[in-house]
Protein chains: 2
Amino acid sequence: MTDGVVERSRPRDRILETAQDMFHKHGIKGVGVDAITEAAGTNKMTLYRHFESKDELIIECLRATAAKTARIWDEFEARHPGDKLAQLHAWVQKASEMLSADCRGCDMANAAVELSETDHPARRVIKELKEAQREKLVALCRDAGVGQAELLADTLSLLLEGARVSMQSVGAEGPSAQFVRMAEGLIASFRSR
Amino acid sequence: MTDGVVERSRPRDRILETAQDMFHKHGIKGVGVDAITEAAGTNKMTLYRHFESKDELIIECLRATAAKTARIWDEFEARHPGDKLAQLHAWVQKASEMLSADCRGCDMANAAVELSETDHPARRVIKELKEAQREKLVALCRDAGVGQAELLADTLSLLLEGARVSMQSVGAEGPSAQFVRMAEGLIASFRSR
DNA sequence: TCTGGAAGTTACAGACCGGTAACACCCTAG
DNA sequence: CTAGGGTGTTACCGGTCTGTAACTTCCAGA
């Protein structure tokens with residue numbers, strides 16, 4: 001008697017999921033609320049009953065994306081329980097998989113680029129979420145027994161961030177193609193120190 | 001009798017310079033042609049007499065920015081003639097200086113993020129210009145006597161690209177603060193191999 | 001069966017967008 | 001002095017954007 005899990009979920013969930021997808025593919029300023037609601041099989045009034053503005057919707061989308069990323073980290077722990085070094089290698093592997101041909105980069109970084117107004121409400125959220133992710137990676141490096149865990153984590157961060165944006169300018173055959181080699185080389189280098 | 005160099009330059013030049021500045025600060029989709037022409041002290045008709053469309057103006061702006069970057073490279077050669085290793089260190093130094101507090105990142109990378117349409121005419125130009133810059137850095141690394149010059153150049157590329165985008169999400173106190181240490185460490189590591 | 005709230009529909013406001021037409025102006029080269 | 005090209009001005013087109021109003025429909029729970 002209950003509706004289908006995906007197709008017939010509640011309008012709010014459909015809007016959120018559709019908006020995430022469309023913001024990711026076409027950029028925030030490249031998608032209007034009309035297009036989102038239509039793709040979500042609903043209408044504009046319903047959107048504005050659940051989200052007080054487009055900015056609020058953007059923020060909720062970023063939070064949802066961050067939550068998805070957090071679930072991937074749980075997967076690392078589940079697959080390699082207690083083995084932090086293995087989890088770090090899994091992180092590299094997972095990161096490289098995100099560098100597929102049609103990669104559109106990190107939603108939060110892209111949003112920061114698009115929303116250039118320094119007082120945009122989404123900026124605070126982006127900073128918070130990114131800082132949380134940074135701390136997680138630092139903790140992983142430290143628990144993996146690497147010296148200078150902060151430096152390794154930050155270097156890996158920048159490499160991935162760079163790879164994701166580089167893909168969008170020069171494509172998958174550019175510098176980002178060497179991401180795994182760079183990251184593994186770095187980890188090895190930091191561990192032997 | 002000739003006009004002042006900056007204030008009274010020709011409309012086309014003023015438009016180009018103003019557009020570069022405004023695109024950089026507010027993003028491409030965040031600036032309309034009206035705002036550009038007004039800031040340039042001219043009007044929309046004059047803009048469209050010199051550029052056939054906004055897209056064309058965007059492309060000319062990207063070319064102009066790339067030309068400015070090329071001039072910085074000439075500076076390296078002028079300051080350290082023949083000493084490619086010193087030029088590589090100068091590149092790191094210059095790159096770190098671009099990571100100031102209000103850094104808005106690389107115009108080409110930002111444009112690639114904003115212009116998500118895969119067939120946008122600016123995308124070809126971005127790819128060409130970025131590939132040219134990559135080849136320059138590879139050549140510099142090779143001429144500096146570094147083994148695996150391509151890998152070092154690509155790693156430095158990704159680090160810088162990542163630092164410039166990271167600044168916009170988490171600010172200057174984030175991972176990008178360690179850019180110089182990372183880059184110099186990499187260069188030393190590659191040279192001692 | 002009745003009721004109340006969630007959702008859909010249509011229309012609209014007000015602003016901004018890229019781009020064009022028509023015309024007046026000024027300054028310089030001949 | 002004059003002709004003409006570059007420039008400025010104003011008005012406009014059709015479209016899109018976020019956000020709202022007023023109304024209808026539907027459906028679940030009492």
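Order of the sequence lines fixes the chain letters, A, B, ..., with proteins taken first and strands second; residue numbering starts at 1 for each chain.
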**Asked** Using a heavy-atom distance cut-off of less than 4.0 Å, which residues of residues 37-50 of chain A contact DNA chain C?
**Response** A:Gly41, A:Thr42, A:Asn43, A:Met45, A:Thr46, A:Arg49, A:His50
**Request:** Please list, by residue number, the residues of residues 112-120 of chain B whose heavy atoms come closer than 4.0 Å to an atom of DNA chain C; answer none if no residue qualifies.
**Result:** none
Could you tell me how far apart [X] ([atom1]) and [N] ([atom2]) are, to the nearest whole angstrom?
X: A:Arg12; N: C:dA7; atom1: CZ; atom2: P; value: 11 Å
X: B:Glu56; N: C:dG19; atom1: CD; atom2: P; value: 11 Å
X: B:Glu52; N: C:dG18; atom1: CD; atom2: P; value: 16 Å
X: A:Asp34; N: C:dG8; atom1: CG; atom2: P; value: 14 Å

Show me the donor-acceptor pairs within less than 3.5 Å that the side chains of residues 68-75 of chain B make with the rest of the protein, sequence neighbours left out.
from: B:Thr69; atom 1: OG1; to: B:Thr65; atom 2: O; distance (Å): 3.1
from: B:Glu75; atom 1: OE1; to: B:Arg79; atom 2: NH2; distance (Å): 3.3

**Item:** Covered region of DNA chain D, 5' end to 3' end, by chain A [heavy atoms, under 4.0 Å]
**Value:** D:dT18 to D:dA22
Quick one: salt bridge (charged side-chain N to carboxylate O under 4.0 Å, His left out) partners of [X], sequence neighbours excluded?
X: B:Glu131; result: none
X: A:Asp21; result: A:Lys25
X: B:Asp154; result: B:Arg134

**Contact list for residues 172-182 of chain A, test salt bridge (Lys or Arg N to Asp or Glu O under 4.0 Å), sequence neighbours left out** = none
**Message:** Taking salt bridge (Lys or Arg N to Asp or Glu O under 4.0 Å) as the cut-off, I'd like each qualifying pair that reaches into residues 137-153 of chain A, sequence neighbours left out, listed once.
**Reply:** A:Arg142-A:Glu150
Using a 3.5 Å cut-off and no angle test, enumerate the donor-acceptor pairs between side-chain atoms of residues 110-117 of chain A and protein atoms at least two apart in sequence or in another chain.
from: A:Asn110; atom 1: ND2; to: A:Arg104; atom 2: O; distance (Å): 2.6
from: A:Glu114; atom 1: OE1; to: A:Ile28; atom 2: N; distance (Å): 3.4
from: A:Glu114; atom 1: OE1; to: A:Lys29; atom 2: N; distance (Å): 3.1
from: A:Glu114; atom 1: OE2; to: A:Ile28; atom 2: N; distance (Å): 2.7
from: A:Ser116; atom 1: OG; to: B:His26; atom 2: O; distance (Å): 2.9

**Side-chain hydrophobic cluster, 4.5 Å single linkage: members besides A:Met45** = none
**Prompt:** Who else is in B:Val138's hydrophobic cluster (ILVMFWY, side-chain heavy atoms under 4.5 Å, direct or via others)?
**Reply:** none
**B:Arg12 bridged to B:Glu17 by N-O distance under 4.0 Å** = no
